[in-house]
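One structure is given below, encoded as structure tokens.
Just so it is clear, the values below take in all heavy atoms, side chains as well, and ignore hydrogens, waters and symmetry mates. All of these numbers come straight from a predicted model, not from anything done at the bench.
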Amino acid sequence: MKNDINTEMLSRYAPNPGRHALLPKLTAQQEVALMCRMLSREGYNDHIAGHITVKQEDGTYLANPWELTWSELTASDILRLDKDGKVIEGEWNITPAINLHIDVHTARHDVSVVIHNHPEWGSVWSAVGRVPPIYDQTSALVDTDPVIYDEYRGTVEDGEAGRAAAGALGQHKWALLANHGVLLVANNLRQAHLRAITLEWRSRMAWRVEMLGGGTPLPAAVAAATGGRTDANGFPFMWEAMAREEIRRDPSVLE
């Protein structure tokens, strides 16, 4: 029933023709590059840490390279990996921690996007092992709480540690990795973008509210209903708006 409601809403609010297209036609590599730029601006900016993998129809993966920050790479820098995470197309290296992504993709055939990073505010809550409460509407754009994986076993390029983190995610949408960062999955880039920015917004807002002495979280039913309406498809037009902003700032992202 929920998916029917979401489909009906998106149909009702389909983009108008407007004065111009919301975005130019993009390649898969351009979309991944834009995603990296957008999330870097949202707080996923721990230097060269963090990776995004996007599964393609042919079974390969697109991923950002290890050497470059998310804020500087372009579409031409995006790598193509085989099913084992080895680079088969591109001029850079892939992170030694790619095994975490491959393990998640292998376990979760229902998702196509995996994101791992150490965002500024999500990492605060992962460090204290607490789920940030939902204090406002934007924090509720994705339903359900992230699962907390509370055992830090070292950096995830270690195979056992990576598999443990992937296993802790289970069938959840997102996870806070204790003393480490965040891990989230999605069906597509639009949904992944909403989940990533919602988690960081929620983490930042909750910290600020609690620094002022605390507040009253949204009722659980209201939060669940809000997220249930938006998370399934991604917030309408948000992806396009943020992508346009990155293209305006630096058109070379598409090169």
Side-chain angles (χ1 to χ4, degrees), residues 1-7 35 39 44 50-57 59 61-63 81 83-85 97-119 122-123 125-126 129-134 139-153 156 158-203 206 218 220-235 239:
M1 180 64 176
K2 183 187 294 186
N3 286 336
D4 291 341
I5 294 173
N6 288 330
T7 301
M35 183 73 160
L39 293 190
Y44 290 70
H51 284 80
I52 300 174
T53 49
V54 183
K55 190 171 185 178
Q56 303 300 290
E57 290 184 0
Y61 301 97
L62 297 183
L81 314 176
K83 63 180 179 61
D84 298 316
I98 193 62
N99 61 283
L100 169 63
H101 291 250
I102 300 302
D103 287 341
V104 173
H105 280 292
T106 300
R108 295 287 301 274
H109 297 291
D110 58 315
V111 303
S112 62
V113 183
V114 178
I115 299 175
H116 169 58
N117 206 318
H118 316 145
S123 295
W125 292 89
S126 74
R130 287 181 56 198
V131 172
I134 296 176
S139 299
L141 289 178
V142 177
D143 54 346
T144 76
D145 286 334
V147 62
I148 294 180
Y149 174 50
D150 60 3
E151 183 178 358
Y152 182 68
R153 299 189 182 185
V156 290
D158 173 77
E160 182 180 351
R163 285 189 295 275
L169 177 67
Q171 295 301 307
H172 293 272
K173 300 174 181 180
W174 45 10
L176 298 175
L177 308 180
N179 307 107
H180 191 157
V182 307
L183 176 66
L184 63 93
V185 298
N187 297 325
N188 51 59
L189 283 173
R190 176 190 296 279
Q191 187 182 68
H193 174 254
L194 182 65
R195 290 179 178 180
I197 66 174
T198 299
L199 183 57
E200 189 65 355
W201 178 282
R202 176 174 168 175
S203 297
L218 289 184
V222 173
T226 301
R229 285 194 298 271
T230 53
D231 176 60
N233 298 291
F235 194 85
W239 159 266

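Side chains of Leu189 and Trp239 form a contact here, defined as non-hydrogen atoms less than 4.5 Å apart. By the 4.5 Å heavy-atom criterion applied to side chains, Val114 and Arg108 are not counted as neighbours. Residues Leu199 and Pro146 meet the side-chain proximity criterion, which asks for heavy atoms closer than 4.5 Å. In this structure, Asn188 and Gln191 have side chains that are in contact, with non-hydrogen atoms separated by less than 4.5 Å. Side-chain contact between Thr226 and Ile134: absent, with no pair of heavy atoms (C-beta onward) separated by less than 4.5 Å. Leu169 has its side chain out of reach of Tyr149: every pair of non-hydrogen atoms, C-beta onward, lies at least 4.5 Å apart. By the 4.5 Å heavy-atom criterion applied to side chains, Met35 and Val54 are not counted as neighbours. No side-chain heavy atom of Leu141 sits under 4.5 Å from any side-chain heavy atom of Ile197.
Between the CZ atom in Arg130 and the CG atom in Leu176 there is a gap of 11.5 Å [rounded to 0.5 Å]. In this structure, CG in Leu62 is found 12.5 Å from NZ in Lys55, a value given to the nearest 0.5 Å. With rounding to the nearest 0.5 angstrom, the CG atom of Leu39 is 9.5 Å from the CD atom of Glu200.
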Quick one: do Asp84 and Ile102 satisfy side chain to side chain contact (heavy atoms under 4.5 Å, CB included)? Show the steps, please. CA-CA 7 Å; Asp84 298 316; Ile102 300 302; 5.8 Å; no
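Residues Arg202 and Pro132 come closest through the heavy atom pair NE-O, 2.8 Å. Here the closest heavy-atom approach between residue Ala140 and residue Leu218 is recorded as CB-CD1, 4.0 Å. What you find for Ala63 and Thr53 is that their closest heavy atoms are CB-CG2, 3.9 Å. Nearest heavy-atom pair, His105 versus Val113, reported as atom, atom and distance to 0.1 Å: CE1-N, 4.2 Å. Pairing each heavy atom of Asp143 with each of Ala224, the nearest pair is CB-O, 3.8 Å.
Taking the centre of each ring, Tyr61 and His101 stay at or above the 6.0 Å mark.
Evaluated for a side-chain contact (heavy atoms from CB on, under 4.5 Å) with Trp174, the options Val147, Leu183, Asp145, Leu184 yield exactly one hit, Leu184.
Counting only distance, with no hydrogens or angles, the side chain of Tyr44 and the backbone of Ala196 share a donor-acceptor pair below 3.5 Å. Between the Arg195 side chain and the Val142 main chain, no donor and acceptor come within less than 3.5 Å of each other. The closest donor-acceptor contact from the side chain of His116 to the backbone of Val182 lies under 3.5 Å.
Within a 6.0 Å radius of CH2 in Trp201, no more than 12 heavy atoms belonging to other residues, nucleotides or ligands are found.
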